[in-house]
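Every chain is numbered from 1, with letters handed out A, B, ... down the list of sequences.
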There are 2 protein chains.
Amino acid sequence: MATGRTHRPATRSRGIPEATVARLPLYLRALTALSERSVPTVSSEELAAAAGVNSAKLRKDFSYLGSYGTRGVGYDVEYLVYQISRELGLTQDWPVVIVGIGNLGAALANYGGFASRGFRVAALIDADPAMAGKPVAGIPVQHTDDLEKIITDNGVSIGVIATPAGAAQPVCDRLVAAGVTSILNFAPTVLSVPDGVDVRKVDLSIELQILAFHEQRKAGEESAAHEGAAVPPVAHDETTDQGPDGDVPAVMPA
Amino acid sequence: MATGRTHRPATRSRGIPEATVARLPLYLRALTALSERSVPTVSSEELAAAAGVNSAKLRKDFSYLGSYGTRGVGYDVEYLVYQISRELGLTQDWPVVIVGIGNLGAALANYGGFASRGFRVAALIDADPAMAGKPVAGIPVQHTDDLEKIITDNGVSIGVIATPAGAAQPVCDRLVAAGVTSILNFAPTVLSVPDGVDVRKVDLSIELQILAFHEQRKAGEESAAHEGAAVPPVAHDETTDQGPDGDVPAVMPA
DNA sequence: ATCTGTGAATCCGTTCACAGCA
DNA sequence: TGCTGTGAACGGATTCACAGAT
């Protein structure tokens, strides 16, 4: 069939599985690297290796987007970059505000991955009056008082919260009230938001705790070859699967 | 080496599902807050609300740890804090090194959540000689040349990589060679590591891209009330479930 | 001959609903 | 009565394995 159009099987899926959505950025990154090296096509096997997943998963993922490959050959790199970018909504440019310009907020503001992928830091906001006007990453910090105006003036729909835990929910409420519908939360708090607002959470201490769990298990296994009598070293998981995706992070108050 | 086998032995009760492990830190945080307010017991319903999950999931999660609740009453807060801490391996204290002391590395070093939860920043390492000796968060930065010695001297098994993407794999290799077996990677790269080494990844631009996807979908739905004829607005998920919708992380061998 | 696309099988996690105990 | 603990049902995600396209 003619590739190149949003072939939309009305009967079924307009829904790409969440797990697949979470991997698209991974594929996109790998493809972008190939594109920069002017590689014209890539097989599912090669691309999967570059993205850190297995090829069956990758092909299944791509099958949700449509039939963008060529049997016997592989995928056209440029074409796939475009299709995935479009699917992720990166062909437009999303203004983002960062609230809470402490160490982490500053790091985020300076993070180059923003601009390069469809995101633009529209404003930096902090509650400390002493910060107001000070440029961070070339962008002057604005005071929290102007939050609502900043959001509406810039048409911001994505907000990043990098405040201390205690400030996160109030900030979140104001962002949502002003029209933000997607939030990336670095504060170690469970945010409550109305229906229709997405929250993703990044929590450093949680990630470390998960690592500690596995670390402890490894240490225990070294000596504990007993217990039960039939517990092989269980080398954890098999394939090169790197992705935590989603959670956790942190910023902690005193 | 493709088909990595790794039989997963029918792990008995010692095998807590990954998804559950990923939530334990969440419960622990909520419980710690309750503990600080001297709340003696809590029901699955209350604790679930505080952690941002539903109560059935929480009870199921706890059932993997053992029967720590009292029917008709709830869970003893202090006891649960202890049990979960133990399960996560937080009753011991884990020395951690942070490699790459740029904006992000500094933010991580300053992050209070470390010390408070069983982790101790044993050293900060950077490749820039100009940084050497300069204290960040009260800890003097050391040069990459001494990486191996620092790891072994401090018995470090958990490393945090906050370097630019290009430096991540070489740093990772050196960490692993020196004895590190768990890595938290903030660099936007797929790391390859030998079997037995855990890698978790935190990637800001990926999180934003996932948000952009949903954001785009929301925008599209506003006007597109057609298509199919039987596709209700599907307000994403129902309950304010903050979890990363189910993905779990990572372990990856080479 | 090679590599994609995908049904079918399987695995894992979530939710349901109720039995069991305080 | 109230709330935990858990088998069973369910649903989503991963893997398998092969049909189909080039």
B/Trp94 side chain to B/Gly89 backbone, donor-acceptor under 3.5 Å: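 Side chain of B/Trp94 to backbone of B/Gly89, a donor-acceptor pair under 3.5 Å: yes, one is there.
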With distance as the sole test, does A/Gln169 use its side chain to make a donor-acceptor pair with the main-chain N or O of A/Ser192 at under 3.5 Å? yes
Looking only at the side chain of [X] (C-beta and beyond, no hydrogens), which of the listed nucleotides [options] gets closest?
X	options	result
A/Arg59	C/dG5, D/dT6, D/dT14	C/dG5
A/Ser67	C/dG13, D/dT14, C/dG5	C/dG5
B/Thr70	C/dA22, D/dA13, C/dT4	C/dA22

Donor + acceptor pair across side chains of [X], [Y] (<3.5 Å):
X	Y	result
B/Thr91	B/Arg86	no
A/Ser182	A/Asp198	no
B/Thr189	A/Arg29	no
B/Glu78	B/Tyr82	no

Are A/Tyr75 and A/Phe62 close enough that their ring centres sit under 6.0 Å apart?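 Under 6.0 Å, so yes.
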Could you check how far [atom1] of [X] sits from [atom2] of [N], rounded to whole Å?
X	N	atom1	atom2	result
B/Leu80	D/dG5	CG	C1'	14 Å
B/Tyr75	C/dA22	OH	C1'	14 Å
B/Phe62	C/dG13	CZ	P	17 Å
A/Lys57	C/dC11	NZ	P	15 Å
B/Arg23	C/dT15	CZ	C1'	12 Å
B/Leu58	C/dT15	CG	C1'	14 Å
B/Glu46	D/dC3	CD	P	8 Å
B/Lys60	C/dG13	NZ	C1'	10 Å

Quiz question: going by heavy-atom distance under 3.5 Å, is there a donor-acceptor pair between the base of D/dT22 and the side chain of A/Arg71? no
So how far off straight is the helix from C/dA1-D/dT22 to C/dA22-D/dT1, going by the axes through five pairs at either end, to 10°? 0°
